[in-house]
Amino acid sequence: MIDIILNSTTKDIIMDNLSVGIYFTDEKGKTLYVNKAFEEMSLIKAKELVGKTLEELVKQKYFTASATLLVIKTKKPAAVSYITKTNRKLLARGKPFFDQSGNLKYVVNTVYDLSEVHYMGDIDYDSKQNNNNQIIAFSSQMVNIVDFALRVANVDSTVLITGESGVGKEVIAKFIHDASPRKNYPFVKVNCASIPENLIETELFGYEGGAFTGANPKGKKGFFEAAQKGTIFLDEIGELPLNVQAKLLQVLQDRQFTRVGSPRIVNVDVRIIAATNRNLKDMISNKLFREDLYYRLNVIPIHIPPLRQRKDDIEPLVNYVASRINSKYNFNKQLDSELIDLFKSLPWKGNVRELENVIEKLLVTTTKNIITRTDYTSIEDIQQYDVNPKFILKNYEKELLLNLLPTCKNTRELAKKFGVSQPTIVRKLKQHNISIQK
């Protein structure tokens, strides 16, 4: 059926009038078809791609990464953002298609344009695009987050992103902006924890000339005015002082504020995305965060789980980061499978940020092209992760229990498959905080 559609005139009419890009490959990643929308967003003609495999195209630097290659390896959906050789930023959502025997036959990518039109201005804020902030989503949790972020990108509702440090809150915030109608306007990142308390109001909302000693006589725009028509990303929102929280609430309610030292009302058209690694409900209980502000911010909540809870993302992330560093320094290095397995057992308290730093350190400091577990333990204080044989066995035991659990009707059956007594399996389930339906 797919072959019939691909060879028909109807296909050209339908495919070439879609607003999203379509990138179609066979089971080996050979490019069979791309639609006109993909050509326009990538600035690459179909004739340069058709007949070539994604592996070839990534090696030839047409693309910095590929969702198709992940799908082929795992036979599961994946989402990957990447940069083209024409410096366009795209997101590919890859999906496998199987024949009647269950063999992979095709991979279809729906592709979204995340590129921005560059704007001019004298704005002194952190809004530069960081091409390292790529989305590599393979675990079901992250693929679902990417799909959800794509949906909410088209509305202006306020988003609150929660999660531990280093999980990628800024990456998702920038992704929402890049996929939104506001993408051609500024994305202003504000780290609320890095601004001194006595300056944060003036930094956010600006001030009039002569408002205080040492002020610029001409006054200064705040971050909100700088983000006009775009997106303001308030990172570490839990660090805002209570008096500034009140003023932020006014902006959320009325989309207007006054500069420090001025009675004049400033109207703003911005989308607000906030993020925190703190428990704002606990802060509300302790009178450290306004409850009314919390509900105004938490219109669309997105929680990003820590890396240790989405281990399926670790290997794709390792491969992507290693590829990026190899390209940057003209290396040809890779991490062996045993080391990647070890990485899957680590707690990664710093999450993706920590993983990236470890991989860069390994590639830069190790002279061999194949980097092993021994190389890792020689440069890292592995005890900082509490990683020892007992720790690894405990994690493996829990993973094995979780894999066997769906196949068993009760603890007696589970114990038999696990090779232990029924009281022992009950104790192990309790130790690992695993429940079973009897």
Side-chain angles (χ1 to χ4, degrees), residues 29 53-76 78-85 87 89-92 94 129-139 142-143 146 166-168 170-171 175 304 306-308 310-382 384-385 387 392:
T53 68
L54 264 301
E55 189 172 358
E56 288 178 89
L57 293 167
V58 170
K59 283 181 180 177
Q60 293 170 8
K61 303 190 187 305
Y62 272 80
F63 313 124
T64 58
S66 167
T68 298
L69 296 179
L70 260 183
V71 173
I72 290 171
K73 185 173 183 179
T74 62
K75 311 296 188 292
K76 295 180 181 179
V80 171
S81 64
Y82 58 95
I83 309 297
T84 69
K85 72 169 189 174
N87 204 33
K89 185 176 182 181
L90 309 177
L91 175 95
Q129 180 169 323
N130 183 354
N131 288 343
N132 290 345
N133 285 345
Q134 302 302 122
I135 290 174
I136 306 291
F138 171 64
S139 67
M142 286 306 297
V143 170
V146 169
V167 292
E170 181 184 346
V171 174
F175 171 62
I304 304 177
L307 192 55
R308 61 184 172 275
R310 45 186 177 98
K311 294 181 180 180
D312 286 346
D313 286 326
I314 289 177
E315 186 170 355
L317 282 166
V318 167
N319 292 333
Y320 169 72
V321 176
S323 174
R324 192 185 74 213
I325 295 167
N326 278 328
S327 178
K328 181 178 180 181
Y329 296 113
N330 200 26
F331 293 159
N332 184 26
K333 300 180 181 182
Q334 57 182 307
L335 284 66
D336 77 358
S337 58
E338 186 181 327
L339 178 53
I340 293 174
D341 286 343
L342 172 63
F343 282 174
K344 291 177 182 177
S345 73
L346 300 180
W348 298 113
K349 295 177 182 177
N351 293 291
V352 178
R353 188 181 298 130
E354 182 185 3
L355 177 66
E356 289 179 332
N357 291 342
V358 167
I359 295 168
E360 182 165 5
K361 184 192 292 186
L362 277 170
L363 266 66
V364 169
T365 61
T366 305
T367 56
K368 299 186 304 183
N369 281 343
I370 303 297
I371 300 170
T372 66
R373 175 175 174 160
T374 303
D375 299 315
Y376 170 69
T377 54
S378 69
I379 67 168
E380 286 288 325
D381 179 11
I382 200 165
Q384 69 175 303
Y385 303 108
V387 177
I392 295 172

For Val318 and Ile359, what are the C-alpha separation, side-chain angles and deciding distance, and is it a side-chain contact (heavy atoms from CB on, under 4.5 Å)?
CA-CA 7 Å; Val318 167; Ile359 295 168; 3.8 Å; yes
How about Asp375 and Thr372: does a side-chain donor come under 3.5 Å of a side-chain acceptor?
yes
Partners passing salt bridge (Lys or Arg N to Asp or Glu O under 4.0 Å) against Arg353 (at least two apart in sequence or in another chain)
none
Suppose we screen for salt bridge (Lys or Arg N to Asp or Glu O under 4.0 Å). Which residues come up paired with Glu338, at least two apart in sequence or across chains?
none
Can you give me the closest heavy-atom contact between Gln134 and Ser81, atom names plus distance?
NE2-O, 3.0 Å
The reported gap from CD in Glu360 to OG1 in Thr365 (rounded to nearest 0.5 angstrom) is 10.0 Å
Do the side chain of Lys61 and the main chain of Ser327 share a donor and acceptor less than 3.5 angstrom apart?
no
How far apart are the closest heavy atoms of Val321 and Glu356, and which atoms are they?
CG2-CG, 3.7 Å
To the nearest 0.5 Å, what is the distance between OG1 (Thr53) and CD (Gln60)?
8.0 Å
Is a donor on one side and an acceptor on the other found under 3.5 Å between the side chain of Thr64 and the backbone of Ile83?
yes
Restricting to non-hydrogen atoms, name the atom on Ser66 and the atom on Leu54 that form the minimum distance, rounded to 0.1 Å.
OG-CG, 3.5 Å
With sequence neighbours left out, the residues meeting salt bridge (Lys or Arg N to Asp or Glu O under 4.0 Å) with Lys328 are none
Which residues share a ring-ring contact (aromatic ring centres under 6.0 Å, His included) with Tyr62, sequence neighbours left out:
none
Are the side chains of Val146 and Ile135 in touch, meaning some heavy atoms are under 4.5 Å apart?
yes
Are any non-hydrogen side-chain atoms of Leu362 and Leu339 less than 4.5 angstrom apart?
yes
Quick check for you: to the nearest 0.5 Å, what is the distance between Thr366 atom OG1 and Phe331 atom CZ?
9.5 Å
Can you check whether Phe343's main-chain N or O pairs, donor with acceptor, with Trp348's side chain at less than 3.5 Å?
yes
Do Asp336 side-chain atoms and Ile370 backbone N/O form a donor-acceptor pair below 3.5 Å?
no
Do Leu335 and Tyr376 have side chains that approach each other closer than 4.5 Å (heavy atoms only, starting at C-beta)?
no
Take Val58 and Leu69 through the side-chain contact (heavy atoms from CB on, under 4.5 Å) test and state the conclusion after the steps.
CA-CA 10 Å; Val58 170; Leu69 296 179; 4.3 Å; yes
According to the salt bridge (charged side-chain N to carboxylate O under 4.0 Å, His left out) rule, which pairs have a member within residues 314-323, sequence neighbours left out?
Lys73-Glu315, Glu315-Lys344
What residues, two or more places apart in sequence or in another chain, satisfy ring-ring contact (aromatic ring centres under 6.0 Å, His included) together with Phe63?
Tyr82
Main-chain N/O of Thr374 paired to Thr377 side chain as donor or acceptor, under 3.5 Å:
yes
Are any non-hydrogen side-chain atoms of Arg310 and Leu307 less than 4.5 angstrom apart?
yes
Donor-acceptor pair, Lys75 side chain versus Ile72 backbone, under 3.5 Å?
yes
Checking Arg373 against Asp341 for the side-chain contact (heavy atoms from CB on, under 4.5 Å) test, could you report, in this order, the C-alpha distance in whole Å, the side-chain angles of both residues, the deciding distance, and whether it holds?
CA-CA 9 Å; Arg373 175 175 174 160; Asp341 286 343; over 6 Å; no
So, do Val171 and Ile304 sit near enough that their side-chain heavy atoms are less than 4.5 Å apart?
no
Any side-chain heavy-atom pair of Lys333 and Asn326 under 4.5 Å
yes
Ignoring hydrogens and geometry, is there a side-chain-to-backbone donor-acceptor pair from Asp312 to Phe138 under 3.5 Å?
no
Nearest heavy-atom approach of Ala67 to Gly94 is CB-N, 4.1 Å
With side-chain contact (heavy atoms from CB on, under 4.5 Å) as the test, would you mind laying out the steps for Tyr329 and Leu363 before giving the verdict?
CA-CA 10 Å; Tyr329 296 113; Leu363 266 66; over 6 Å; no
Might you point out which heavy atoms bring Ile136 and Pro316 nearest each other, and give the distance in Å?
CG2-CB, 3.7 Å
